[in-house]
Amino acid sequence: MENYVTGTDKISDLPDDSLTHILSYLSTREAVQTCIFSKRWRSTWTSLPVLRFDYGNFVPEATKRKHKESMVKFVKFVRGVLQNRERLLSLDTFEFCGHAPQDPCYCADLFSSECILLALKFNPLAFSVCACRQVILDCIEPIFTCASLESISLECASVSPDAKFLDLTAVNLPHLKLLELHSANVDDNFFKILFSGCPVLEELKLCYCILHASLLSSEVLTSLVLKCCSFQNKLVISTPNLVHIDIYHAQSDGVRLSMETMTSLRAAHIQCLTVHVNDTVKCSKGLLNLHVSSTFGISAHTLKSDQRKVTRNGFPNCSNFKNLTSLQLGCSDLSHLFNSIPLFLHKSPNLEKLSLQVFPKNIWLNTKEKSIEEEWRDAKSKYEIWRDALLQLKHLEVVEIVNCNERMEIVNKLVEELSSFLKSTEIKIVNVQTSK
């Protein structure tokens, strides 16, 4: 014990770079508190490559009065850290969360814009801000003209369709590879200016956004995620180098996608209320994994009136998904699920695994319930079409039925039916609990 007490402080003997690297894993508030350890540590925090500020660490289980006091204290701390930071050092990461976790309405809006602008002077590489809408709008131009940035994440409170658009007048982000926006109202002008000023943007993630745009066009984008977005118009996605697309929990009466040039697509996940897929699809010659699911149904929109022809033969103008080996389809209504099967299978000759997901009826909305007998009768009316589509798959090894919650009875009927004609294919059930 005596040797332990009188031993050498080996941590303090580490080089400055090692110390700041270790401290970068702490919140900035915790890192600053290490200045009390010794003279060696007194100014170490001024060289931190990563700064993380969270208003939640300053807000007690509070009344409104305490919130105001905490807001002043928080902003004063952030400003003090930035003003005392080593001027010549660049900043790897800046994270600023101005919302109180106990109540998102409590936002450190006072002088937050000033703190954000101070951080941009250190030419950060990664920049993440969660703040009031007005704070982000006040800083939008400096953020999108900070040429050092490689990734940006901006998040604010919920957005309404009549909220002010995220207005970009100029973008100069030559190194930006990742952009993530939460609760933004965007239009065609936003995408046009964004992509013109981001020549290497590879990943775009939009969460809880309202999309008034009709065109999203990029020659360099490789990954697109649209989470819980509201589509105000039909959205044409023109992205020849896109490898991954993920659209889920879309808030609209139907997502209408015209995916005309996605020749590089490898994985697609589309989950929404109603999926309408244009028959002019010319995408995904190399598609490896596709997941399409909806509450109400999946349909093909065609200029021809012969919907039965579309259902039997898939998308008339679509190239074969020659490399597609895994496909997941899901609906809350079994007849809609069966109707969607031929749309994809006729273009997927090398499919090895098919997953059919049967959602609870009220996973998104309260819809009129059918009895098991009614649902199965409607599904069986499409028997010939979907049976022929499955029998043509020479490489199909597994059909997986994903059962959510209370749908076991209809799932058992489906397994029994599939087993009657898919003699050499494994049919299995996977049970998944889905919150209502």
Side-chain angles (χ1 to χ4, degrees), residues 99 104 113 116 127-146 149-173 176-239 241-242 244-262 269-273 276:
H99 286 300
S113 299
I116 293 170
F127 198 77
S128 176
V129 173
C130 176
C132 300
R133 182 174 308 281
Q134 191 56 51
V135 170
I136 291 179
L137 291 175
D138 290 343
C139 299
I140 201 69
E141 184 174 347
I143 292 173
F144 279 82
T145 54
C146 182
L149 289 174
E150 296 179 1
S151 71
I152 297 175
S153 176
L154 302 177
E155 180 177 354
C156 57
S158 59
V159 63
S160 62
D162 57 349
K164 184 178 179 181
F165 285 130
L166 199 59
D167 188 21
L168 298 179
T169 56
V171 174
N172 179 30
L173 297 168
L176 189 71
K177 294 184 178 181
L178 169 64
L179 174 62
E180 182 173 343
L181 298 177
H182 290 247
S183 303
N185 212 355
V186 299
D187 58 3
D188 282 318
N189 187 61
F190 171 83
F191 286 127
K192 181 180 179 180
I193 297 177
L194 173 69
F195 290 120
S196 67
C198 302
V200 296
L201 182 62
E202 297 177 350
E203 298 180 54
L204 176 62
K205 184 175 183 179
L206 303 178
C207 304
Y208 303 96
C209 292
I210 297 180
L211 306 181
H212 295 265
S214 57
L215 176 64
L216 194 160
S217 177
S218 170
E219 296 293 324
V220 296
L221 203 65
T222 60
S223 177
L224 175 63
V225 176
L226 304 175
K227 176 183 177 181
C228 300
C229 291
S230 175
F231 293 76
Q232 303 300 301
N233 301 305
K234 173 184 175 180
L235 180 64
V236 176
I237 301 176
S238 179
T239 49
N241 290 304
L242 199 70
H244 169 261
I245 185 171
D246 197 340
I247 303 174
Y248 54 104
H249 292 182
Q251 301 170 4
S252 70
D253 63 346
V255 176
R256 292 171 172 82
L257 299 175
S258 180
M259 302 182 291
E260 295 179 353
T261 59
M262 295 188 189
H269 176 190
I270 303 173
Q271 184 183 71
C272 51
L273 296 180
H276 304 285

Participant: Search all heavy atoms of T145 against all heavy atoms of E141 and return the closest pair with its distance.
Facilitator: OG1-O, 2.7 Å
Participant: Please report the closest heavy-atom contact between I152 and L173, naming both atoms and the distance.
Facilitator: CD1-CD1, 3.9 Å
Participant: Between C209 and L181, which heavy-atom pair has the shortest distance, and what is it?
Facilitator: SG-O, 3.6 Å
Participant: Could you tell me if the side chain of I143 sits less than 4.5 Å from the side chain of L154, heavy atoms only?
Facilitator: yes
Participant: Work out which heavy atom in V171 is nearest to a heavy atom in C198; give both atom names and the distance.
Facilitator: CG1-SG, 3.8 Å
Participant: Rounded to the nearest 0.5 Å, what separates atom CZ in F191 from atom CG in L211?
Facilitator: 5.5 Å
Participant: For S214, is there any backbone N or O sitting under 3.5 Å from a side-chain donor or acceptor partner on D188?
Facilitator: yes
Participant: Could you check whether any side-chain N or O of N241 sits under 3.5 Å from a backbone N or O of T222, counting only pairs where one atom can act as donor and the other as acceptor?
Facilitator: no
Participant: Could you tell me which non-hydrogen atom of L178 sits nearest to which non-hydrogen atom of L201, and how far apart they are?
Facilitator: N-CD1, 3.8 Å
Participant: Could you give me the CA-CA distance, side-chain angles and deciding distance for D138 and I116, then say whether side chain to side chain contact (heavy atoms under 4.5 Å, CB included) is met?
Facilitator: CA-CA 10 Å; D138 290 343; I116 293 170; over 6 Å; no
Participant: Roughly how far, to the nearest 0.5 Å, is the CG atom of L215 from the CG atom of L235?
Facilitator: 7.5 Å
Participant: Quick one: do H244 and V225 satisfy side chain to side chain contact (heavy atoms under 4.5 Å, CB included)? Show the steps, please.
Facilitator: CA-CA 8 Å; H244 169 261; V225 176; 4.1 Å; yes
Participant: Can you tell me how far the NE2 atom of H212 sits from the CG atom of N185, to the nearest 0.5 Å?
Facilitator: 4.0 Å
Participant: At their closest point, which heavy atom of L166 faces which heavy atom of F190, and how far apart are they?
Facilitator: O-CD1, 3.4 Å
Participant: To the nearest 0.5 angstrom, please state how far the CG atom of L204 sits from the CD atom of E180.
Facilitator: 9.5 Å
Participant: Nearest 0.5 Å please: distance from the CD atom of E203 over to the OG atom of S151.
Facilitator: 9.5 Å
Participant: Please lay out, stage by stage, how F144 and I193 fare under the test side chain to side chain contact (heavy atoms under 4.5 Å, CB included).
Facilitator: CA-CA 11 Å; F144 279 82; I193 297 177; over 6 Å; no
Participant: So, do R133 and S183 sit near enough that their side-chain heavy atoms are less than 4.5 Å apart?
Facilitator: yes
Participant: Do S218 side-chain atoms and L221 backbone N/O form a donor-acceptor pair below 3.5 Å?
Facilitator: yes
Participant: Between I140 and L168, does a side chain to side chain contact (heavy atoms under 4.5 Å, CB included) hold up when you go through it step by step?
Facilitator: CA-CA 8 Å; I140 201 69; L168 298 179; 3.9 Å; yes
Participant: Nearest 0.5 Å please: distance from the OG atom of S196 over to the CG atom of N172.
Facilitator: 10.0 Å
